Each structure stands twice: as structure tokens, then as C-alpha cells.
Amino acid sequence: MKFKFLIISILISKCLSGGFILSPDALPQLAKEFIAKHFSNAQIGMVQMDKNTYEVYLTDGTELEFYIDGNWKEIEAKFNVISFNILPPNLASIMQNNFPNTAIIEIKRKANYYKIELTNHLEVIMDFNGTILNAKYD
């Protein structure tokens with residue numbers, strides 16, 4: 001009876017939390033390579049998987065979300081900044097030229113554009129060709 005109660009409690013807690021805690025080794029190779037390339041100064045603190053994504057929490061406070069295939073979806077830096085090098089080189093250059101003396105604190109990759117929040121709280125929406133569609137202060 002106690003065993004059944006324990007199993008039911010675990011299943012309910014997993015359902016309520018929205019995901020399962022995994023080992024960092026369970027991440028897709030593409031996600032592991034991305035973290036190693038862009039966040040080599042931090043370690044993976046926790047990996048949580050839900051139906052469609054992996055959420056990765058780094059020890060420096062950065063939160064990353066990856067699709068099941070390992071491509072990144074969202075990145076949020078709590079205590080650091082995110083390098084423009086996260087973007088393709090041509091888009092990184094456009095951002096650096098148009099918004100000097102800033103850095104990224106949050107970035108979301110959508111179907112055909114990036115939503116980027118900078119350290120000065122300017123929110124920039126840029127398509128994959130480098131056209132700035134909108135820029136407003138948040």
C-alpha cells in the first residue's frame with residue numbers, strides 16, 4: 001500500500017511540475033554543443049524535460065530552452081549578458097552596429113524572427129534576413 005502511495009505521489013508531482021528532471025547527458029548532442037560553445041564558463045545545474053522542450057538551468061543563472069531536436073528556442077540571462085555571437089554573424093553585426101554599448105539579456109527565436117531584449121531594455125524584433133521590424137522600450 002505504501003509503495004502504491006509513493007508511486008502515485010511521484011506521478012502527481014511530475015504532472016504538476018510540468019516536466020521530468022533529467023541528467024545533462026540526456027540532452028540532444030546539438031544542445032550540448034551549443035552550451036559548450038556559448039556558455040563554457042557555466043555548468044549545467046539542472047535539466048528539465050516537458051512534452052516539447054528541454055529547459056536547462058546553468059549555474060550562472062542563465063536559463064535556456066531547447067526544442068526536442070536540440071535547437072535553441074529561448075535564452076534568458078539573469079545575472080550576465082548574452083553575446084551577440086548567439087546570432088548568425090550577419091545579424092550579430094547588424095545588432096552591434098545599430099545598438100552599440102548594449103548586450104542581450106533575453107532572446108527568443110520564433111518561426112521567422114528573433115525577439116531580443118537588450119541591457120537598456122530595448123526590445124528588438126528582427127527577421128532572419130536582418131531587417132529590424134520593430135524596436136521599442138519595454
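Only a predicted model underlies this, so the values are computations on that prediction, with no experimental measurement involved.
For residues 115-138, the set of pairs meeting the ring pair (Phe, Tyr, Trp, His ring centres under 6.0 Å) definition, not counting sequence neighbours, comprises Tyr114-Phe128. For residues 93-103, the set of pairs meeting the salt bridge (Lys or Arg N to Asp or Glu O under 4.0 Å) definition, not counting sequence neighbours, is empty. Counting only residues at least two apart or in different chains, salt bridge (Lys or Arg N to Asp or Glu O under 4.0 Å) contacts with residues 85-102 are absent. Applying the salt bridge (Lys or Arg N to Asp or Glu O under 4.0 Å) rule to pairs touching residues 92-108 yields Glu106-Lys108, sequence neighbours excluded. For residues 29-40, the set of pairs meeting the salt bridge (Lys or Arg N to Asp or Glu O under 4.0 Å) definition, not counting sequence neighbours, is empty. The ring pair (Phe, Tyr, Trp, His ring centres under 6.0 Å) analysis of residues 42-71, with sequence neighbours excluded, yields the pairs Phe34-Phe66.
Within the 4.5 Å cutoff, side-chain heavy atoms of Ile44 are placed close to those of Leu58. Considering only heavy atoms from C-beta on, Ile21 stays 4.5 Å or farther from Val47 through its side chain. Here the side chains of Thr102 and Phe84 are in contact, with some heavy-atom distance below 4.5 Å. Side chains of Val56 and Leu27 form a contact here, defined as non-hydrogen atoms less than 4.5 Å apart. Taking the side chain as every heavy atom from C-beta outward, Leu122 and Glu117 never approach each other to under 4.5 Å.
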Query - CA sep, side-chain torsions, deciding dist, call: Val124, Asn134, side-chain contact (heavy atoms from CB on, under 4.5 Å) - result: CA-CA 6 Å; Val124 178; Asn134 191 8; over 6 Å; no
Query raised in the report: What do the steps show when you test Leu87 against Ile107 for side-chain contact (heavy atoms from CB on, under 4.5 Å), and what is the final call?
Result: CA-CA 10 Å; Leu87 296 165; Ile107 183 167; 3.6 Å; yes
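Note that the OG1 atom of Thr53 and the CG atom of Leu64 stand 12.0 Å from one another [nearest 0.5 Å]. From Gln48, atom CD reaches atom CD of Glu55 across 5.5 Å, with rounding to the nearest 0.5 Å. With values rounded to the nearest 0.5 angstrom, Phe39 atom CZ is found 11.5 Å from Thr59 atom OG1. One finds the CD1 atom of Ile116 at 11.0 Å from the CD1 atom of Ile86 (value rounded to the nearest 0.5 Å). Put simply, NZ on Lys110 and NZ on Lys115 are 6.5 Å apart, with the number rounded to the nearest 0.5 Å. Rounding to the nearest 0.5 Å gives a distance of 6.0 Å between CD1 of Ile82 and CD1 of Ile104.
Through direct or relayed side-chain contacts under 4.5 Å between Ile, Leu, Val, Met, Phe, Trp and Tyr, Tyr113 connects to Ile125, Leu133.
Across Leu91 and Asn129, no two heavy atoms sit closer than the pair CD2-C, 3.9 Å.
For Ser83, the side-chain contact (heavy atoms from CB on, under 4.5 Å) test picks out Asn85, with sequence neighbours left out. When the side-chain contact (heavy atoms from CB on, under 4.5 Å) test is applied to Ala103, the partners found at least two apart in sequence or on another chain are Val81, Thr119. The side chain to side chain donor-acceptor pair (under 3.5 Å) check on Thr62 picks up Asp60, with sequence neighbours excluded.
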Check residues 68-77 and write down every donor-acceptor pair under 3.5 Å in which the side-chain atom is one partner and the other belongs to a residue at least two apart or another chain.
unit_1: Asp69; atom_1: OD1; unit_2: Asn71; atom_2: N; d: 3.0
unit_1: Asp69; atom_1: OD1; unit_2: Asn71; atom_2: ND2; d: 3.4
unit_1: Asp69; atom_1: OD2; unit_2: Asn71; atom_2: ND2; d: 3.0
unit_1: Glu76; atom_1: OE2; unit_2: Lys78; atom_2: NZ; d: 3.3

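For Gln43, the CD atom sits in a loose shell: 12 or fewer heavy atoms of surrounding residues, nucleotides or ligands are nearer than 6.0 Å.
Looking only at distances, no side-chain donor or acceptor of Ser93 sits under 3.5 Å from a matching main-chain atom of Asn90.
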